[in-house]
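A, B, ... follow the sequence lines: proteins, then strands. Residue 1 opens every chain.
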Amino acid sequence: MATTTLAKALNTALRDLMAEDERVLVFGEDVGMLGGVFRVTDGLQAAFGEERCFDTPLSESGIVGTAIGLAMYGYRPVVEMQFDGFTYPAFEQIVSHLAKLPNRTRGTMRLPLTLRIPYGGGIGAVEHHSESPESYWVHTAGLTVFTPATPEDGYSMLREAVRSDDPVVFLEPKRRYWTRTETELPVRTEPARQAVVRRAGTDVSVFCYGPMVATALSAAEAAEEEGWSLEVVDLRSLAPLDEDTIIDSVTRTGRAIVVHEASRTLGLGAELAARIQERAFYHLEAPVLRATGFDTPYPPAKLESYWLPDEDRILDLVEQAMAA
Amino acid sequence: MATTTLAKALNTALRDLMAEDERVLVFGEDVGMLGGVFRVTDGLQAAFGEERCFDTPLSESGIVGTAIGLAMYGYRPVVEMQFDGFTYPAFEQIVSHLAKLPNRTRGTMRLPLTLRIPYGGGIGAVEHHSESPESYWVHTAGLTVFTPATPEDGYSMLREAVRSDDPVVFLEPKRRYWTRTETELPVRTEPARQAVVRRAGTDVSVFCYGPMVATALSAAEAAEEEGWSLEVVDLRSLAPLDEDTIIDSVTRTGRAIVVHEASRTLGLGAELAARIQERAFYHLEAPVLRATGFDTPYPPAKLESYWLPDEDRILDLVEQAMAA
Amino acid sequence: MNLDAPDLPDVELAERQEVQLLDPDGRYDADSPWNPELSDDTLREMYRWMVLTRRVDREMINLQRQGQLGVYPSCLGQEGAQIGAAFALGEQDWVFPQYRELGLSLYLGVPQAASAHLWRGTWGLGYDPHEFRFAPISIPIGTQALHATGFALGARLDGRSLATVACVGDGATSTGDVHAAMTFAAVMRAPTVFFIQNNRYAISVPLEKQTAAPTLAHKAIGYGMPGWRCDGNDVIATHAVVRHALERARAGEGPALVEAMTYRMEAHTTSDDPTRYRSEEELDAARLTDPILRLRRLLESRSALDEQQAEQVEQEAERMAAEVRAGIYDAPHGDPTEIFDHVYVDATGRFEQQRAQLQAELAGTEQEHR
Amino acid sequence: MNLDAPDLPDVELAERQEVQLLDPDGRYDADSPWNPELSDDTLREMYRWMVLTRRVDREMINLQRQGQLGVYPSCLGQEGAQIGAAFALGEQDWVFPQYRELGLSLYLGVPQAASAHLWRGTWGLGYDPHEFRFAPISIPIGTQALHATGFALGARLDGRSLATVACVGDGATSTGDVHAAMTFAAVMRAPTVFFIQNNRYAISVPLEKQTAAPTLAHKAIGYGMPGWRCDGNDVIATHAVVRHALERARAGEGPALVEAMTYRMEAHTTSDDPTRYRSEEELDAARLTDPILRLRRLLESRSALDEQQAEQVEQEAERMAAEVRAGIYDAPHGDPTEIFDHVYVDATGRFEQQRAQLQAELAGTEQEHR
Ligand SMILES: Cc1ncc(C[n+]2csc(CCOP(=O)(O)OP(=O)(O)O)c2C)c(N)n1
Ligand SMILES: Cc1ncc(C[n+]2csc(CCOP(=O)(O)OP(=O)(O)O)c2C)c(N)n1
Ligand SMILES: [Mg+2]
Ligand SMILES: [Mg+2]
């Protein structure tokens, strides 16, 4: 078995996609010769030439808008936003066009565009480099939002995203880029729109995604020592949500905790709580609780560990849920 | 008693604010000679001169970014986004600067800036003119978000927004601009961060804001005929939420419905459902339900009435909640 | 230091010369290097399309007044710019409109009864843009310029000889997206012509409050592309300049900017009240520069348009207006559940539940509550 | 039509002449109309600030290597541009930096031990920008240009004679915000100088992939403001040009653009690996244009800097570096609950509950779970 990292798995997925389909183009800031600041596009320009993988001027709106034009033409652009916090200049193109055009044009213009965004904190980065903007995209009807938590999913889900005829926001948990696993690529995991139970349990369902899956899993291990059995569900697709898997789990455990780095108010936990109590009201033995970042701007790097949810924050809620 | 409309009340508030405080500046697209496409800034340029009320080039990011600079200098800018759907080019300035600067600068740079946005549907407008973007702002920590439902609140809350040292996103329900009431301006209503019970009731709490308050009130009237007593709570401030008033109401009624035009997924209803079940779990006799717009792009004007929540959609949920 | 000396040698460039071949009185400048030497037949065709455009435009306004359309942005006065550009299009070229491009859309055969539904407030893009090479109109100002750039880049990468016309207004030039589009197109040599209809206003904001640039054509310099300015009410000059720009683009020489000077004779849209911000005198002056009148004068001076031909054009225009009217008047709004169509190729259960909710609501409307 | 004739008469302007007073060999062009006729004392002061900047910059890199800073964007090679601009500032003028403006911030007296905390990953804006007229650094590229514009507009409306310097990189000129800032400033006559340090790269993206403009100074034309280009490694030329631009601005003549040609000698930041995208030869060539070396040559040729004076400057630089180091090394990160400070003036209960949650978590850390 070879070992690979998330970053490497994504790189391999792009390489395979480009080799298979000439219409796949990769572009963004510094994705060419530099290979991206996280090296996810490393070597693609050398392998496929400057016409398939290229650098752009410094404008995220320019990148997404140009990609929309290329998608209209018939290409399948895979574009990189260098960091979560620099996606905002492209907001209008994403919300007013990418999300709406297929519906507006009655399906005559599909936009098979993948928007890759490294997101989340935990790498000690400077201001604006650790945002968790998923709520903005999940709330925007018309977008599909995936986020892998493992190298295998990185490979498989990115392939599914690029091959989908729907526009996909592909959120890459940057603090897990260097997580190693033993795996042989190519690999095919569960369909991206499906949530996956990463660890079965009976007391509390813990819903998480991207950077927080590993955190939730270690919380589950720690909880075991306290005699609590946590079921850890990796959502994988944030839009659409795999409601059936979610409800099935809560129905069995009767308790739910949602974990995410994003600020609590209108973070994904809000939607999960709303849906769970809508559909599993009579199964709930405790309120759905949320282990999340706080409702403040992302703090400086040296304080981020206090801001980000960790095992303790999850376990505090487990205790609370079990006591309810 | 004079009669006034929301648009007129807002206009009067701006006029009074400008007269009282030289640091208040009003600018945006077409706010000068034209008086704004909704005439909310009508006559301000004539009254206060081109240096206090002026038109800008066509760039929303330019408007907000320039306003931030003016606020840093010591002004209190009140800027208009012409429509909800055209706020998106300013997203980066709003999210990365307006929301973060006071915290980043440890309070040495406060941004007393008011961002006026006419929002919501129901006026038969063409594409991109009927968006309900409140979730984007409410999720963004650092912003304060107000929305008035009546002319009186329009006047009083806008004054509070402009005088606050925090940046305020001021959402104006455009379909209620021409709603008339009998009232004498100036008027002072409850503090903006307070939710207000518009109609007392005992069976179901209906939480609503801005354009949906009138709708909820007529639903409550219709419900009465069916023998259901609805309590209608006008949230007024979407960030922060007046949780105490909300919880107090649900605690009494045991049932809650949230109404908003925005798409359901991660609309404000999600956050309300999450908080209500967190804090009033044992008081709930039915799940918190949501009467909202659908998870699709806003439809063409002639179909909007099917998309937007109306009395029937609310009453369907009341029935459901009462049956639970 | 000597402060007088070094100030702005080439910044205060003279106003970029405006290419004009046909003046408002119908006099033709055959000596201009831009003379495209169009045949009388072609000129008569141009005349015809301008008249058709004006007539259909008027019909749209009528339909709006009669409550059949929700709003409509008239192109009255801009027919010369639009038809001039239309006649410059190659067979593969695409147009990326803002929202005021009735003339271009008519010329490209876009079914008006379908596309005007957008102004009616119903599904307005019920035709395939690929069939007519006319992209969806774009209301968020300036955004379409990037789509035009990306599409053109696609054509270049694909080895196709195809250029795109990015239609933008004078106001649009202040947006970040038009800036990015010009920057990207120039660096990537995307075959795009940025066609600015400078109609002097962005709603109520006049050009001098929009930019301090000497002309909008000067902006091309900062992107490293050629920029020309033409009399947009001179259909021949506009044609010549846009054609040249498109030919260059198709030949791989990169993008260019064309500023067509025109004037918006109508309100911004039917919802606008222009008396608040511009004078009757200004309008009177603008009327003298009408694009149709001057071409008609030229044609008549060349005896290239007789009474009967002119009458035929009028009749065709009436027929076309009637057709558009018939296609729109009291047209159905569509099945409400179509709201859910085409949002996703891969839609999931939850989404379909909402469709079902609407279906149930529709079914229940007659019975339940009141 | 005659296609050769009308092409681009004034688009292909010659490269805007680069103002240079002091060449890399230290030769001074006293005949230039830009000659600011600085005294030897002033030149020595400039030299001093450049040396201080370089030394503190190096200390920041050291601190980063030692794990004391998370990341640091060096200004090595750009001292001439920054100190030249710094010396042009009036007593009321403000600087709106991007993030690489150590030289300007040092000169304005910004306490480095406070501001470098930003790179350390702790509260980095623990000083009052109003005290030092140095706005918060701005990492989202280009955004600060609008703040500079708004602030300058405020000063103009307020009747104060104050200009702002908007520092932007070459890459930043492609952003929508810099476009809007220049557009707004020119229309509103905001007293802002757009000071572009063209260091040839935006991370790995070289200038020719950033824009097709003949020079960045040409961009000024499209906004209707003057634009000059200077040798940014010539501290005197940069000073002269920026001073002129600031004086104009303060006098009510509106904004201007200055493109200072320089070169980023270090990596983009300490996290970057520039060997991936640029060659040793290119660096070697750039080394020959060093801004400090050439000023030293001039001073020495004028006998305006003796051994002892030079030594004093070096010692001061060492002291300053040591001070900065002492202020940062192992400095505390702050109380975690400060996260909640200054978010709102009008904070409400819910917000305070979250602060309480964090307090409880902190208290519980020692006891609970493991
Ligand atoms: C991003 C954005 N901001 C604001 C608006 C509102 N708006 C609609 S048209 C218009 C003026 C456009 O002017 P111009 O580009 O000159 O085109 P014209 O209408 O004159 O053809 C404005 C401000 C919009 N549609 N999009
Ligand atoms: C809006 C935005 N997009 C992307 C980035 C990532 N980024 C940081 S610095 C940089 C390059 C900036 O280049 P330039 O303006 O030339 O300044 P320099 O670093 O050369 O001083 C980029 C792309 C960012 N900070 N902000
Ligand atoms: Mg216009
Ligand atoms: Mg640079």
Side-chain angles (χ1 to χ4, degrees), chain B residues 22-23 25 27 51-52 54-75 77 89-90 92-93 95-97 99-110 112 141-144 160 164-168 191-193 237 239-244 275, chain D residues 94 96 118 123-131 135-158 160 162 164 166 175-177 179-188 190 192 338-351 353:
Chain B
E22 280 209 333
R23 296 167 306 165
L25 302 178
F27 57 98
E51 305 224 316
R52 304 276 314 277
F54 52 89
D55 290 333
T56 66
L58 211 168
S59 164
E60 287 76 13
S61 194
I63 293 167
V64 176
T66 303
I68 290 173
L70 280 158
M72 284 174 166
Y73 185 86
Y75 283 92
E92 181 181 37
Q93 285 288 347
V95 168
S96 294
H97 290 300
K100 292 189 164 95
L101 254 170
N103 176 252
R104 283 181 70 216
T105 59
R106 314 316 287 140
T108 57
M109 283 192 150
R110 291 285 166 197
L143 298 177
T144 295
E160 201 173 328
S164 168
D165 284 332
D166 291 324
V168 178
R193 287 171 186 78
S237 171
L241 283 165
D242 176 3
E243 220 175 279
D244 291 340
R275 292 201 192 177
Chain D
W94 272 63
F96 285 74
L118 191 140
W123 300 110
L125 289 155
Y127 60 91
D128 186 351
H130 289 274
E131 189 180 341
I137 74 152
S138 187
I139 290 179
I141 300 292
T143 52
Q144 72 279 7
L146 280 165
H147 309 161
T149 298
F151 197 97
L153 177 62
R156 179 170 82 60
L157 296 177
D158 195 27
R160 263 176 77 198
L162 169 170
T164 63
T175 64
D177 276 9
H179 177 63
M182 293 190 183
T183 302
F184 276 55
V187 170
M188 300 176 178
T192 304
E338 287 174 10
I339 289 170
F340 292 92
D341 293 344
H342 313 297
V343 179
Y344 300 103
V345 175
D346 297 309
T348 57
R350 171 82 181 179
F351 188 75
Q353 277 162 31

Visitor: Heavy-atom distances under 4.5 Å only: say whether D:Glu131 touches chain B with side chain, backbone, both or neither.
Guide: neither
Visitor: Within the supplied structure, the quantity of interest is the number of heavy atoms (other residues, nucleotides, ligands) at a distance under 6.0 Å from D:Gln353 CD; does it exceed 12?
Guide: yes
Visitor: So which part of B:Glu243 gets closer than 4.5 Å to some heavy atom of chain D, the side chain, the backbone, both or neither?
Guide: side chain
Visitor: Using a cut-off of under 4.5 Å for heavy-atom pairs, which of D:Ala185, D:Ala181, D:Ala155 has the most such pairs with chain B?
Guide: D:Ala155
Visitor: Show your reasoning for whether side-chain contact (heavy atoms from CB on, under 4.5 Å) applies to D:Arg160 and B:Tyr73.
Guide: CA-CA 11 Å; D:Arg160 263 176 77 198; B:Tyr73 185 86; 3.2 Å; yes
Visitor: Which heavy atom in D:Pro136 sits nearest to a heavy atom in B:Leu101, and how many Å separate them?
Guide: CG-CD2, 3.7 Å
Visitor: Let's test your reading of the structure: which of D:Leu162, D:Thr164, D:Asp158 forms the most heavy-atom pairs below 4.5 Å with chain B?
Guide: D:Asp158
Visitor: So which part of D:Val343 gets closer than 4.5 Å to some heavy atom of chain B, the side chain, the backbone, both or neither?
Guide: both
Visitor: Okay, side chain of B:Asn103, backbone of D:His342: is any donor-acceptor separation there less than 3.5 Å?
Guide: no
Visitor: Say you draw a straight line from OG1 of D:Thr175 to CD of B:Glu92; how long is it, rounded to the nearest 0.5 Å?
Guide: 8.0 Å
Visitor: Do D:Leu153 and B:Thr66 pass the side-chain contact (heavy atoms from CB on, under 4.5 Å) test, and can you show the C-alpha distance, the side-chain angles, and the key distance before you say yes or no?
Guide: CA-CA 8 Å; D:Leu153 177 62; B:Thr66 303; 4.2 Å; yes
Visitor: Calculate, to the nearest 0.5 Å, the distance between atoms CZ and CG belonging to D:Arg350 and B:Asp244 respectively.
Guide: 10.5 Å
Visitor: Between D:His179 and chain B, which part of the residue has a heavy atom less than 4.5 Å away: side chain, backbone, both or neither?
Guide: neither
Visitor: Can you give me the closest heavy-atom contact between D:Ala180 and B:Gly62, atom names plus distance?
Guide: CB-CA, 3.9 Å
Visitor: Quick check on D:Tyr127 against chain B: is it the side chain, the backbone, both or neither that has a heavy atom closer than 4.5 Å?
Guide: backbone
Visitor: Shortest non-hydrogen contact from B:Leu70 to D:Leu157?
Guide: CD2-CD1, 4.5 Å
Visitor: Answer with side chain, backbone, both or neither: which region of B:Arg275 has an atom nearer than 4.5 Å to a non-hydrogen atom of chain D?
Guide: side chain
Visitor: Where does B:Arg23 contact chain D at under 4.5 Å (heavy atoms): side chain, backbone, both or neither?
Guide: neither
Visitor: Within a strict 4.5 Å, meaning less than it, do heavy atoms of the B:Ser59 and D:Phe184 side chains meet?
Guide: yes
Visitor: Quick one: closest heavy-atom pair of D:Glu338 and B:Arg106, and the distance?
Guide: O-NH2, 2.9 Å
Visitor: Under 4.5 Å, counting heavy-atom pairs only, tell me which of B:Ala67, B:Pro102, B:Ser96, B:Gly142 racks up the most with chain D.
Guide: B:Gly142
Visitor: With a 4.5 angstrom heavy-atom cut-off, is it the side chain or the backbone of B:Met72 that approaches chain D, or both, or neither?
Guide: both
Visitor: Quick one: closest heavy-atom pair of D:Pro140 and B:His97, and the distance?
Guide: CG-NE2, 4.2 Å
Visitor: Quick one: what part of B:Leu25 sits under 4.5 Å from any heavy atom of chain D, side chain, backbone, both or neither?
Guide: side chain
Visitor: For D:Ile339, is it the side chain, the backbone, both, or neither that has a heavy atom closer than 4.5 Å to a heavy atom of chain B?
Guide: backbone
Visitor: If you define the side chain from C-beta out and look only at heavy atoms, does anything of D:Ile137 sit under 4.5 Å from B:Arg104?
Guide: yes
Visitor: Which is it for D:Asp346 and B:Arg193 under the side-chain contact (heavy atoms from CB on, under 4.5 Å) test, yes or no, and what are the steps along the way?
Guide: CA-CA 9 Å; D:Asp346 297 309; B:Arg193 287 171 186 78; 3.4 Å; yes
Visitor: Would you say the side chains of D:Tyr344 and B:Arg110 form a donor-acceptor pair under 3.5 Å?
Guide: no
Visitor: Which atom names give the shortest non-hydrogen contact between D:Leu146 and B:Gln93, and what distance separates them?
Guide: CD1-NE2, 3.6 Å
Visitor: So for D:Ala347, is it side chain, backbone, both, or neither that comes closer than 4.5 Å to the heavy atoms of chain B?
Guide: neither
Visitor: Just give me the residue among D:Ile139, D:Thr149, D:Thr183, D:Leu125 that pairs up with chain B most often, heavy atom to heavy atom, under 4.5 Å.
Guide: D:Leu125
Visitor: Checking side-chain contact (heavy atoms from CB on, under 4.5 Å) for the pair D:Val345/B:Ser164: CA distance, chi angles, key distance, verdict?
Guide: CA-CA 8 Å; D:Val345 175; B:Ser164 168; 5.9 Å; no
Visitor: Taking D:Asp177 for its side chain and B:Ser61 for its backbone only, find out whether a donor-acceptor pair lies under 3.5 Å.
Guide: no
Visitor: Need one label for D:Thr143: side chain, backbone, both or neither, based on atoms under 4.5 Å from any heavy atom in chain B.
Guide: both
